[in-house]
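First the structure, in the form of structure tokens, and then the observations on it.
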Amino acid sequence: MSDIVIKNAKQIEGIRNSSRLAASALDFVEEYIRPGISSGFLDQKIEGFIISHGATPATKGYNGYPKSSCISLNEVVCHGIPSEKIILKEGDILNIDITTILNGYYGDTSRMFMVGEVSPAALNLVEVTKHCLDLGIMQVFPGNYFGNIGFVINRYAKSKGYSVVYEYCGHGVGLQFHEAPQVDHAARRNSGELMRPGMTFTIEPMINAGRASTVIDKKDGWTARTADNKLSAQFEHTVLVTNSGFEVLTDIHEEYSHI
Ligand code: MF3
Ligand code: CO
Ligand code: CO
């Protein structure tokens, strides 16, 4: 028996509201991104925004994680801890990942930002990673296998000469931060469980310019870097399986509403 929770209409509405708030927080913080600003300052802005909208940052205190967002620069794959000591500079690429709890419901989203002009190599990695997320989202419909999300992402990333992080995955989300199933971003075609209407989960591919493997910072116990110190990028949306396909719950820009 599958342990993936099917959400009812009331729960979906709550998860949608939280998801939209998390995405709004990314829009809000974008205005502050410029050379010389610290990731710790951005985190403070995010925390203020979330709390002023009656929500809570899900990461703060989660398994001892200390901050209200994850901010991962350049070779950091994920779980970068915001700090006043980490100063943005021209040419940096960074992922900001925000998870909100609003009325008990979780929404989880991240995207890449670029500081001023970035290298063509960095821009290409960011663009390919966004397309990986979009390809994964297009595999969301009732009766499809979860494995097909990772199958199409891995096939495309490899065709561009990149590698897919396998040590961190997408996840069911909504009533809790991390629920079943685990959503692999590199998977075999037609593997895993079947999608059913009412399931809510994230797709959040991390794509590396070099090798796939990662190393966790020994001092802070969180920051995950590429083992070869090459660039990494990530985008994340929270999605709902509908009767006919998908709804991207964190899509406040109606980027996917025409599909
Ligand atoms: N938001 C991350 C995700 O997409 C999880 C961060 S957990 C933390 O799953 F503890 F590192 F904050
Ligand atoms: Co997530
Ligand atoms: Co996230």
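Keep in mind it's a predicted model, so treat the numbers as computed, not measured. Each ligand, and each atom within it, is numbered from 1 in the order the structure gives. Numbering starts at 1 and runs along the sequence shown.
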Sorted by chain and residue number, which protein N/O/S atoms are under 2.8 Å from the Co ion (ligand 3)? D97 OD1, D97 OD2, D108 OD1, E236 OE1
Using a 4.0 angstrom limit on heavy atoms, which residues are close to ligand 1? T59, Y62, Y65, C70, H79, D97, T99, D108, H171, F177, H178, E204, W222, E236
Side chain to side chain contact (heavy atoms under 4.5 Å, CB included) between V126 and L231: does it pass, once the steps are laid out? CA-CA 10 Å; V126 169; L231 291 177; over 6 Å; no
Is the H131-Y156 ring centre distance short of 6.0 angstrom? yes
Between the side chains of D108 and H171, is a donor N or O closer than 3.5 angstrom to an acceptor N or O? yes
Salt bridge check: are K60 and E47 linked by an N-O gap of less than 4.0 Å? yes
Backbone or side chain, does H178 get an N/O/S atom under 2.8 Å to the Co ion (ligand 2)? no
Shortest non-hydrogen pair, A157 vs I207, comes out as CB-CD1, 4.1 Å
Shortest non-hydrogen pair, Y145 vs S191, comes out as CB-O, 3.3 Å
Salt-bridge contact E127-K160 (side-chain N to carboxylate O under 4.0 Å): no
Should the pair R16-E13 be classified as a salt bridge under the 4.0 Å nitrogen-to-oxygen rule? yes
Do D217 side-chain atoms and G221 backbone N/O form a donor-acceptor pair below 3.5 Å? no
Is D27 paired with R111 through a side-chain N to carboxylate O contact shorter than 4.0 Å? yes
